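Input: a single structure, listed below in structure tokens.
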Amino acid sequence: MVAPPIDALALSRRALRVVIALNLLAGAFILALLLASFAAPDWVMRALGITPVPGDSVRAIGARLIMGLGLVAVPVVHYVLTRLRTIVESVRIGDPFVVANSARLTEIAWGVLGLELLHVAIGAVGTSLASAGVPLRIGLELSVTRWLAVLLLFVLARVFEQGALMRADLEGTV
Amino acid sequence: MAILVKLDDLLHERRMTLTELSEQVGITLANLSVLKTGKARAVRFSTLEAICAALDCQPGDLLAYVPETNTRRRSA
């Protein structure tokens, strides 16, 4: 018996819906943690594995900075994912090769670039905190693959734009 | 568009319908209709060849260049 083919498109749509919800949930969690870091700083620091030292505000400020940067990442991720969802939706409708989708791909590329820069900033703060004797596992790890992905997205957006223009040219050809 | 498609006239001269032409040349009725009404943006050589073969005519019999001002005056 032949197994039915997996509908990758439907699967992607469902996965995107879940990831969008998870991102918003993560945002709510980080916001709650950030607010709690002001209301009960010692408790939050201990929960993060950082031993609070009386009179040392650098660690708390560093941790809050990481949370703040994490919060900034949430709308950026949402921006990227919702645009990706629109592209997937256009594939479902059967009309993905349009200039609007190349613009969306460019927006995704800018979004991913922004996320990479945020990643670098969070890594820098994490590294400086970890050097102060805090067991944080947020390091400044630069990944060639992720930067290549950003480059690839920009190139793909341009290729898509050219393809969409060529397709528009063919429309009306008898 | 300054290019005029005279498919209607040729069909009339040959007492042929668009449906019959569509069956002969293997081009959809919708596409031939786009061509006939002057809404086409481009014509493939293969399409031109098939229509000329079916209607026994030259590409020049099918297409004409009419400057925009004349076209406007005509349609007015």
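To find a chain, count down the sequence lines: A is the first, B the second, and so on, and within it residues start at 1. No experiment lies behind these values; they were computed from the predicted model shown.
Residue A:W147 qualifies as enclosed at atom CH2: its count of foreign heavy atoms under 6.0 Å is above 12. Annotation: A:Y79, atom OH; neighbour count of heavy atoms from other residues, nucleotides and ligands within 6.0 Å is above 12.
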Show me, pair by pair, the donor and acceptor atoms from chain A and chain B that are under 3.5 Å apart.
{"unit_1": "A:A168", "atom_1": "O", "unit_2": "B:R41", "atom_2": "NH1", "d": "3.0"}
{"unit_1": "A:G172", "atom_1": "O", "unit_2": "B:R41", "atom_2": "N", "d": "2.7"}
{"unit_1": "A:G172", "atom_1": "O", "unit_2": "B:A42", "atom_2": "N", "d": "3.4"}
{"unit_1": "A:V174", "atom_1": "N", "unit_2": "B:A42", "atom_2": "O", "d": "2.9"}
{"unit_1": "A:V174", "atom_1": "O", "unit_2": "B:R44", "atom_2": "N", "d": "2.9"}
{"unit_1": "A:V174", "atom_1": "O", "unit_2": "B:T47", "atom_2": "OG1", "d": "3.0"}

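When each of B:L48, B:V5, B:L35 is paired with A:V174, the side chain to side chain contact (heavy atoms under 4.5 Å, CB included) condition holds for B:L35 and for no other.
Annotation: side-chain contact (heavy atoms from CB on, under 4.5 Å) contacts of A:A60 (sequence neighbours excluded): A:M45, A:R64. Every residue was checked against the side-chain hydrogen bond (donor to acceptor under 3.5 Å, both in side chains) condition with A:N23, not counting sequence neighbours, and none meets it.
Taking a 4.5 Å side-chain heavy-atom cut-off between Ile, Leu, Val, Met, Phe, Trp and Tyr, the cluster of A:M166 contains only that residue.
If you chain together hydrophobic residues whose side chains sit under 4.5 Å apart, B:M16 and B:V25 fall into the same group.
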